[in-house]
Peer 1: 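Once you've had a glance at the structure underneath, I'll fire off some questions.
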Amino acid sequence: MIIIDGKATAAQIKQEIATEVETLISAGKKRPHLAAILVGHDGGSETYVKNKMLACEACGFKSSLIRFDTDVTEDTLLEQVARLNNDDDVDGFIVQLPLPKHISEQRITEAIDFRKDVDGFHPINVGRLSIGLPCYVSATPKGIFELLRRYNIPTSGKHCVIIGRSNIVGKPMASLMIQKELGDATVTIVHSHTQNLKEECRRADILIAALGRPNFVTADMVKEGAIIIDVGMNRNAEGKLCGDVDYEDVFPVASAITPVPGGVGAVTTTILAKHVVEAADKADE
Ligand code: GUN
């Protein structure tokens with residue numbers, strides 16, 4: 001039984017990034033720089049952005065946080081995005097989601113220069129991913145892919161079932177896993193309207209739960225020896241952090257599993273930092 005350690009993997013990736021930064025600096029390039037736009041004061045978004053900034057600072061990057069009040073207009077945000085697109089000192093930037101209802105997330109995302117879209121949300125990056133071209137990939141699915149690779153978990157020809165069809169996790173995860181040069185797996189996405197969801201999950205060699213429901217995946221949905229990847233970050237009835245997988249129940253059936261916390265969530269900010277150093281490396285090409 002393997003417990004997939006996201007914290008240890010993140011530490012390893014951070015070391016690799018530090019080496020890359022040293023190489024950039026000794027080649028006379030500037031320090032990588034991530035900017036983040038944060039609108040309003042939602043506690044969850046504040047924490048996420050703070051962790052992203054800290055991860056970048058830990059890797060020796062420059063980071064800038066640009067804040068707006070909740071009543072900011074879409075035009076003001078679009079102007080800020082344009083400024084960051086044109087700022088040669090900024091290698092990559094993110095606009096933390098969700099945005100207030102009066103602002104179109106799609107319009108803002110599409111305004112970001114795809115070469116600086118280190119979140120991988122721009123339709124050009126999403127499209128490039130779907131046809132196997134180099135691009136920025138959303139951090140959570142990319143982090144899962146890194147975990148599978150670094151734990152030498154074979155994916156080629158395996159049946160991968162993904163629970164959840166979000167644009168940020170489910171769909172890009174499917175693109176990574178289906179690509180011949182990448183996951184090379186057989187992929188099924190199941191969702192809230194799937195018939196026989198349990199049976200579909202039980203067919204998985206690799207089961208990825210990304211639906212956002214506490215302890216949704218139970219042992220009766222898991223094939224003996226399956227690899228279990230838990231993307232969930234939920235609070236249970238007692239307010240305790242838990243995943244989409246009932247860990248205690250599933251543990252005896254699985255051959256490998258990601259814990260919550262300390263699994264998938266632990267690598268995502270590091271993947272973002274990896275994207276920023278890649279952007280800095282390409283900056284003056
Ligand atoms: N909101 C939830 N996850 C994310 C993310 O990965 N990037 C951004 N920009 N917003 C988010």
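Just follow the structure's listing: the first ligand is 1, and inside any ligand the first atom is 1. FYI, side chains are in, hydrogens and waters are out, and symmetry mates aren't considered; it's all heavy atoms of this structure.
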Peer 1: Yes or no on side-chain hydrogen bond (donor to acceptor under 3.5 Å, both in side chains) for H159 and D205, after CA distance, side-chain angles and deciding distance?
Peer 2: CA-CA 5 Å; H159 188 194; D205 301 307; 5.6 Å; no
Peer 1: Salt bridge or not for K62 and D89, using N-O below 4.0 Å?
Peer 2: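 Result for this pair is yes, salt bridge flagged.
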Peer 1: Heavy-atom contacts with V95 under 4.0 Å: which atoms of ligand 1 show up? List them by number with element.
Peer 2: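 Checking each atom against V95, I get 8 (C), 9 (N).
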Peer 1: Hey, does the side chain of D230 reach the backbone of G232 with a donor-acceptor pair shorter than 3.5 angstrom?
Peer 2: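 Looks like yes, one N/O pair under 3.5 Å.
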Peer 1: So which protein heavy atom does atom 11 (C) of ligand 1 come closest to, and at what separation?
Peer 2: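 Answer, as residue, atom name and distance: Q96 NE2, 3.3 Å.
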Peer 1: Applying the salt bridge (Lys or Arg N to Asp or Glu O under 4.0 Å) test to D91, which of K116, K282, K30 qualifies?
Peer 2: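 Result for salt bridge (Lys or Arg N to Asp or Glu O under 4.0 Å) with D91: K30.
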Peer 1: With backbone taken as N, CA, C and O and side chain as the heavy atoms from C-beta onward, which portion of E105 lies under 4.0 Å from ligand 1: side chain, backbone, both, or neither?
Peer 2: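 Looking at E105 and ligand 1, no heavy atom falls under 4.0 Å.
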Peer 1: With a 4.0 Å cut-off on heavy atoms, is M233 in contact with ligand 1?
Peer 2: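 Heavy atoms of M233 never come under 4.0 Å of ligand 1.
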Peer 1: Just need the protein heavy atom nearest to atom 7 (N) of ligand 1, so name the residue and atom and give the distance.
Peer 2: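 Ranking protein heavy atoms by distance from atom 7 (N) of ligand 1, first comes D119 OD2, 3.1 Å.
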Peer 1: Under 4.0 angstrom from ligand 1, any heavy atom of Y48?
Peer 2: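 Contact check Y48 vs ligand 1: negative.
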Peer 1: Hey, is the main chain of R202 close enough, under 3.5 Å, to the side chain of K223 for a donor-acceptor pair?
Peer 2: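 No, because the side chain of K223 does not come within donor-acceptor range (under 3.5 Å) of the backbone of R202.
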Peer 1: Please work out which of V49, L99, L97 has its closest non-hydrogen atom nearest to atom 10 (N) of ligand 1.
Peer 2: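 The residue whose heavy atom sits nearest atom 10 (N) of ligand 1 is L97.
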Peer 1: Would a distance-only check, ignoring hydrogens and angles, find a side-chain to backbone donor-acceptor pair under 3.5 Å from N125 to C135?
Peer 2: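 Judged by distance alone, no pair lies under 3.5 Å.
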